[in-house]
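Below you'll find the structure, written out as structure tokens, and then a few comments.
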Amino acid sequence: MKIRGERECHECGTHWSYYETGSVKCPACGSVRSVGLDERTAHTDTAVELDLSDHRSRFAEARETISDESVEELKDDLREYARKRGFIRGGELLPLDPVYLAARELLEAVDVYNRLRDPTDIEQKYIFSLLDGVKDGVRPPKADVPESIQEARGLAAVHSVEAYRVDLLTFLDGQDPNGQDPDEYEDGEASNDAAHTGSETETDPPRQIAENDSGTDPPQPEIVRDVIEQLRDRTRRVEALGGDVSPAEADALVDAADAIGEFVREGEHAALTRARDELTKVST
């Protein structure tokens with residue numbers, strides 16, 4: 001959605017940034033009556049922390065057998081985190097966040113693990129490694145992913161890359177996806193311009209450049225979209241296989257998406273070349 005993220009409270013005059021807090025409530029007095037001070041800006045991310053300390057303690061105590069209830073509670077918290085995250089913050093395209101990626105992998109991995117009949121020590125170590133590193137965006141190296149759970153890394157790549165691809169296109173198009181604008185809370189009721197998307201809010205289209213130019217230039221839209229389409233095709237292929245591809249292929253899919261994002265942000269042609277190279281590592 002596009003929002004006016006810099007807010008001023010009607011009640012007490014406090015200024016705050018929705019981009020930072022993710023809340024329509026005034027941090028000083030709690031009022032939801034506020035006015036936007038800036039132009040409407042694309043924004044899909046919510047400021048949220050991933051705290052799994054209780055789950056880590058519970059899983060550590062269980063060790064041998066993890067209850068279905070504990071697994072479902074962990075999955076619920078991971079889904080909620082993933083639902084709130086996005087890759088456009090205050091009009092800026094972000095990299096593919098490693099914490100989001102690790103959370104997605106843990107979500108898939110704990111589901112696969114819970115369906116194993118007799119989990120091995122190696123499989124258990126992988127789950128605990130994910131739990132320990134997810135907050136910092138640290139995932140086990142691909143060499144440490146058990147073959148019995150490798151589909152988790154593949155599906156995590158599929159869901160993460162697809163979410164990132166959607167935001168890439170939103171960023172390029174200047175579109176306003178469905179969502180609730182904090183301006184709907186101005187004066188305690190819906191603002192008349194809450195659904196307005198005029199020309200003043202549209203993202204200026206990137207200047208066109210020749211693909212073989214060297215250095216750093218604004219990305220040419222059709223070139224970017226062509227590679228994004230290739231990314232979607234590879235993502236669908238991995239999804240059709242239920243994520244059951246090698247960890248190297250799953251990681252290549254993620255690296256390709258991140259490289260495309262780098263190209264869109266910085267216009268580095270080396271990043272676009274890297275994206276294409278990574279996509280060749282994912283079988284068609």
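Start at 1 with the first residue, then count along the sequence. Computed from heavy atoms alone, side chains included, the values below leave out hydrogens, waters and symmetry copies.
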For this session: Please say whether more than 12 non-hydrogen atoms of neighbouring residues, nucleotides or ligands are located less than 6.0 Å from CD1 in Ile122.
Result: no
Problem set entry | Linked, directly or transitively: Val71 and Phe128 (ILVMFWY side chains, under 4.5 Å) | yes
Problem set entry | Non-hydrogen side-chain atoms of Cys12 and Cys26 separated by less than 4.5 Å | yes
Exercise. Hey, are Arg232 and Glu229 close enough for a salt bridge, meaning a charged N less than 4.0 Å from a carboxylate O?
Worked result: yes
Exercise. Within the distance-only criterion (no hydrogens, no angle test), does the side chain of Glu123 pair as donor or acceptor with the backbone N or O of Thr120 below 3.5 angstrom?
Worked result: yes
For this session: Determine whether Glu92 and Arg265 make a side-chain contact, defined as any pair of heavy atoms from C-beta on separated by less than 4.5 Å.
Result: no
Exercise. Strictly under 6.0 Å, is that where the ring centroids of Tyr100 and Phe87 end up?
Worked result: yes
Exercise. Are there more than 12 heavy atoms of other residues, nucleotides or ligands under 6.0 Å from atom CD of Glu72?
Worked result: yes
For this session: Begin from the C-alpha positions of Ser246 and Gln150 and carry the test side chain to side chain donor-acceptor pair (under 3.5 Å) through to its verdict.
Result: CA-CA 7 Å; Ser246 71; Gln150 71 176 14; over 6 Å; no
For this session: Measure from the side-chain N and O atoms of Arg139 to the backbone N and O of Ala102, and report whether any donor-acceptor pair falls under 3.5 Å.
Result: no
Exercise. Taking side chain as C-beta onward, heavy atoms only, is Leu78 less than 4.5 Å from Leu52?
Worked result: yes
For this session: Kindly determine whether Glu108 and Tyr113 satisfy side chain to side chain donor-acceptor pair (under 3.5 Å), including the steps that lead there.
Result: CA-CA 9 Å; Glu108 300 294 341; Tyr113 180 85; over 6 Å; no
Problem set entry | Heavy-atom check, side chain of Glu11 versus side chain of Arg33, under 4.5 Å | yes
Exercise. In Å, rounded to the nearest 0.5 Å, how long is the span from CG of Asp258 to CG of Leu96?
Worked result: 5.5 Å
Exercise. Under 3.5 Å, is there a donor-acceptor pair between the side chain of Thr46 and the main chain of Val48?
Worked result: no
Exercise. Does a side-chain N-to-carboxylate-O contact under 4.0 Å join Asp76 and Arg79?
Worked result: yes
Exercise. Has Lys75 got more than 12 heavy atoms of other residues, nucleotides or ligands less than 6.0 Å from its NZ?
Worked result: yes
Exercise. Would you say the side-chain atoms of Arg234 pair up with the backbone N or O of Val282, donor to acceptor, closer than 3.5 Å?
Worked result: yes
Exercise. Under a 4.5 Å cut-off applied to non-hydrogen side-chain atoms, are Asp45 and Arg85 in contact?
Worked result: yes
Exercise. Counting distance only, does the side-chain N/O of Asp136 pair as donor-acceptor with the main-chain N or O of Val138 below 3.5 Å?
Worked result: no
Exercise. Would you find a donor on one side and an acceptor on the other, under 3.5 Å apart, between the side chain of Thr280 and the backbone of Asp277?
Worked result: yes
Problem set entry | Taking every non-hydrogen atom, the tightest pair across Ala256 and Leu231 | CB-CD1, 4.3 Å
Exercise. Are the side chains of Arg56 and Asp132 in touch, meaning some heavy atoms are under 4.5 Å apart?
Worked result: yes
For this session: Give the C-alpha distance, both sets of side-chain angles, the deciding distance and a yes or no for side chain to side chain contact (heavy atoms under 4.5 Å, CB included) between Asp173 and Arg225.
Result: CA-CA 11 Å; Asp173 293 343; Arg225 292 179 189 279; 2.3 Å; yes
Problem set entry | Intermediate values then yes/no, salt bridge (Lys or Arg N to Asp or Glu O under 4.0 Å), Asp111 and Arg115 | CA-CA 7 Å; Asp111 184 62; Arg115 288 187 270 113; 3.1 Å; yes
For this session: Decide yes or no for Leu130 and Val110: does some side-chain heavy atom of the first lie under 4.5 Å from some side-chain heavy atom of the second?
Result: no
Exercise. Do Asp255 and Lys281 have side-chain heavy atoms sitting under 4.5 Å apart?
Worked result: no
Exercise. When you look at Arg237 and Ser283, which way does the side chain to side chain contact (heavy atoms under 4.5 Å, CB included) test go after all the steps?
Worked result: CA-CA 8 Å; Arg237 183 258 172 189; Ser283 301; 3.6 Å; yes
Exercise. Under 4.0 Å between a Lys/Arg side-chain N and an Asp/Glu carboxylate O for Lys135 and Glu49?
Worked result: no
Exercise. Counting distance only, does the side-chain N/O of Thr235 pair as donor-acceptor with the main-chain N or O of Glu162 below 3.5 Å?
Worked result: no
For this session: Identify whether the distance between the nearest side-chain nitrogen and carboxylate oxygen of Arg83 and Glu80 falls below 4.0 Å.
Result: yes
